[in-house]
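Right, one structure below, let's go through it.
Order of appearance sets the numbers: ligands from 1, and atoms from 1 within every ligand. Heads up: numbering here begins at 1 and tracks the sequence.
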Amino acid sequence: MHILVCVKQVPDTKIIKIDPKTNTLDRRGVPAILNPYDTHAVEEAVRLRARYGGKVSILSMGPPQAVAAIKKCVEIGADVGYLISDRAFAGADTLATSYALSRAINRIMKEEPLDLVICGKMAIDGDTGQVGPGVARRMNIPPLTGVKKIVEIDEANRKIIVHRKLEDGYEVLESSLPCLLTVEKEINEVPYSPLPNMIRAARYQPTVWTVNDLEDVERSQLGLKGSPTIVGKMFSPPKPEGGKRLTGTIDQQVSQLVDILLKEKRELLVQGGK
Ligand SMILES: Cc1cc2nc3c(=O)[nH]c(=O)nc-3n(C[C@H](O)[C@H](O)[C@H](O)COP(=O)(O)OP(=O)(O)OC[C@H]3O[C@@H](n4cnc5c(N)ncnc54)[C@H](O)[C@@H]3O)c2cc1C
């Protein structure tokens, strides 16, 4: 079974700040990491390879430094990696990103057909969750989003059964193969990488393709030119004001809470009546 995992290198959002003057991300000195959801996607692909055999390939679009994210995937256990990197891809929104990725997937599939594509549920910087479904649409394969468990793959009948997370539980979905999954973090726990993988990753160099290495590419659909999204404004949300702390015995606190809720209700009714 050939599994392809799409991964994104992202700034560590625990550290990143927004420059209040320019309203842009201040990336200075911020380390780049493998998108945490993608770490789980790679781990799941490696586990599937252990169950069903085959190969795990990685694909990323990004600047040359994104090689580090692919090396991290090799550390987790991936077999090979591809980076598409070119000025023509710069400034891509989710539409142009999924287009470029799908063109690269086409090339990979020419070398070796794919059974499954796995993406993270979302990237922690862009946060849209649109790239996975966008890639699936372009490849004309079913997208199964928010997957929290892969129950079974029936290779002979080309079928997969997964659990898809819902707000109040999960649903069981069956799909034909090939298909694309976007996975939740809870799908697995990523263990520390074994030493041989770390050594292999340190020496590993992924295949790097520019736009000229991809076939049937409509250049107007790439990068900034192919990106209809306009970022109107970026800002840090105001810090929530501290809540009111109730004191006294439990009974006193409950009584205070009821008074507050009734007062708020009265105020809302007065406002509604105006
Ligand atoms: C006008 C505009 C210009 C932009 N310019 C740039 C830019 O120059 N450089 C830049 O880095 N970002 C740029 N961005 C941000 C970029 O659009 C998004 O980060 C990117 O399209 C992915 O969207 P997302 O982060 O919401 O990913 P999501 O859709 O949340 O990601 C879901 C999953 O898709 C896969 N995925 C997402 N992105 C990639 C990728 N690049 N390679 C492989 N797999 C991926 C991963 O599996 C990920 O877990 C720009 C955005 C806009 C609107």
Side-chain angles (χ1 to χ4, degrees), residues 3-13 16 18 22-25 27 30 32-45 56-70 72-73 76 78 81-108 114 116-139 143-147 179-185 187-188 190 206-209 211 214 221-234:
I3 307 166
L4 178 87
V5 188
C6 294
V7 304
K8 184 181 182 190
Q9 191 183 48
V10 294
D12 193 338
T13 49
I16 206 156
I18 293 177
T22 58
N23 280 331
T24 56
L25 295 182
R27 294 171 190 254
V30 178
I33 57 169
L34 175 61
N35 179 38
Y37 285 91
D38 302 350
T39 312
H40 294 272
V42 178
E43 172 66 19
E44 196 58 24
V56 175
S57 301
I58 303 295
L59 171 63
S60 189
M61 181 181 99
Q65 304 89 280
V67 163
I70 296 178
K72 181 71 198 163
C73 300
I76 299 169
Y82 301 86
L83 172 68
I84 54 168
S85 192
D86 195 298
R87 290 187 77 84
F89 303 132
D93 67 1
T94 56
L95 199 70
T97 302
S98 49
Y99 177 70
L101 291 175
S102 69
R103 295 294 87 200
I105 293 174
N106 252 22
R107 163 121 199 226
I108 295 169
L114 281 172
L116 192 62
V117 180
I118 310 184
C119 291
K121 179 187 156 189
M122 62 191 208
I124 57 165
D125 58 344
D127 235 20
T128 67
Q130 292 174 351
V131 170
V135 169
R137 177 71 188 87
R138 304 226 184 241
M139 291 175 68
L144 310 181
T145 54
V147 171
C179 66
L180 183 145
L181 315 180
T182 73
V183 297
E184 300 279 345
K185 280 185 185 171
I187 194 163
N188 55 44
V190 184
T207 303
V208 181
W209 285 333
V211 66
L214 307 182
Q221 292 193 47
L222 294 174
L224 203 54
K225 260 194 273 174
S227 300
T229 315
I230 295 165
V231 181
K233 194 177 172 190
M234 232 204 284

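- Between V190 and E43 the shortest heavy-atom distance is CG2-CB, 3.9 Å.
- What you find for A136 and P143 is that their closest heavy atoms are CB-CB, 3.7 Å.
- Shown in contact with D38 at under 4.0 Å from a heavy atom are these atoms of ligand 1, numbered in order with element: 46 (C), 47 (O), 48 (C), 49 (O).
- Nearest non-hydrogen protein atom to atom 41 (N) of ligand 1 is M61 O, 3.0 Å.
- A distance of 7.5 Å separates CG in L101 from OG in S60, rounded to the nearest 0.5 Å.
- Taking atom 20 (C) of ligand 1 as the reference point, the nearest protein heavy-atom neighbour is T97 OG1, 3.6 Å.
- Counting only distance, with no hydrogens or angles, the side chain of Q221 and the backbone of Y99 share no donor-acceptor pair below 3.5 Å.
- Taking only nitrogen or oxygen atoms, main chain and side chain alike, G120 reaches within less than 3.5 Å of ligand 1.
- Residue-to-ligand polar distances keep V231 apart from ligand 1: every N/O pair is separated by 3.5 Å or more.
- When only interatomic distances are considered, the shortest N/O to N/O separation between V131 and ligand 1 falls below 3.5 Å.
- Interface of G129 with ligand 1, defined as ligand atoms under 4.0 Å from a residue heavy atom, comprises 28 (P), 29 (O), 30 (O).
- Protein heavy atom closest to atom 23 (O) of ligand 1, with residue, atom name and distance, is T94 CG2, 3.4 Å.
- The N/O atoms of T229, backbone and side chain alike, include none that comes under 3.5 Å of an N/O atom in ligand 1.
- Among all protein heavy atoms, the one lying closest to atom 43 (C) of ligand 1 is V7 O, 2.9 Å.
- Within the listing of ligand 1, atoms 24 (P), 25 (O), 26 (O) sit less than 4.0 angstrom from a heavy atom of G126.
- Under a 4.0 Å criterion applied to the non-hydrogen atoms of C119, ligand 1 contributes the atoms 47 (O).
- Residues I187 and V147 come closest through the heavy atom pair CD1-O, 4.0 Å.
- The protein heavy-atom contact nearest to atom 13 (C) of ligand 1 is A92 O, 3.6 Å.
- Taking every heavy atom of both residues into account, C6 and I105 meet most closely at SG-CD1, 4.3 Å.
- For A45, the side chain to side chain contact (heavy atoms under 4.5 Å, CB included) partners at least two apart in sequence or on another chain are I3, V5, V56, I118.
- Shown here for I84 and A104, the closest heavy-atom pair between the two residues is CG2-CB, 3.8 Å.
- Those atoms of ligand 1 that come under 4.0 Å of a heavy atom in D125, given as number and element, are 25 (O).
- Minimum interatomic distance between L83 and A66 (heavy atoms only, all atoms of both residues): CD1-CB, 3.7 Å.
- Tested against S98, the residues R138, M139, R103, M61 include a single side-chain contact (heavy atoms from CB on, under 4.5 Å) partner, R138.
- Distances between N or O atoms of K8 and those of ligand 1 include at least one value under 3.5 Å.
- Between the N35 side chain and the I124 main chain, a donor and an acceptor come within less than 3.5 Å of each other.
- For ligand 1, the atoms closer than 4.0 angstrom to any heavy atom of M122 are 30 (O), 31 (O), 32 (C), 49 (O).
- The backbone N or O of G120 sits nowhere less than 3.5 Å from a side-chain atom of T182 that would complete a donor-acceptor pair.
- Contacts with ligand 1 closer than 4.0 Å are made by no heavy atom of V135, backbone or side chain.
- Nearest protein heavy-atom neighbour of atom 31 (O) of ligand 1: A123 N, 3.3 Å.
- Here CG of L59 is found 8.0 Å from CH2 of W209. Values are rounded to the nearest 0.5 Å.
- The N/O atoms of S227, backbone and side chain alike, include none that comes under 3.5 Å of an N/O atom in ligand 1.
- Counting protein heavy atoms under 4.0 angstrom from atom 10 (C) of ligand 1 gives zero.
- Summarising the geometry, atom CD belonging to E44 is positioned 13.0 Å from atom OG1 belonging to T39; distances are rounded to the nearest 0.5 Å.
- The ligand atoms of ligand 1 that sit less than 4.0 angstrom from a heavy atom of N35 are 48 (C), 49 (O).
- Of the N or O atoms in Y37, none lie within a sub-3.5 Å distance of an N or O in ligand 1.
- In this structure, atom 49 (O) of ligand 1 is in close contact with the protein, since a protein heavy atom lies within 4.0 Å of it.
- Side-chain N or O atoms of S85 include one that pairs as donor or acceptor with a backbone N or O of G62 at under 3.5 Å.
- Ranking the protein heavy atoms by distance from atom 47 (O) of ligand 1 puts C6 O, 2.6 Å first.
- Scanning the protein heavy atoms around atom 8 (O) of ligand 1, the nearest turns out to be G91 N, 2.8 Å.
- Of all atoms in ligand 1, numbered sequentially from 1 with element shown, those under 4.0 Å from a heavy atom of Q130 are 29 (O).
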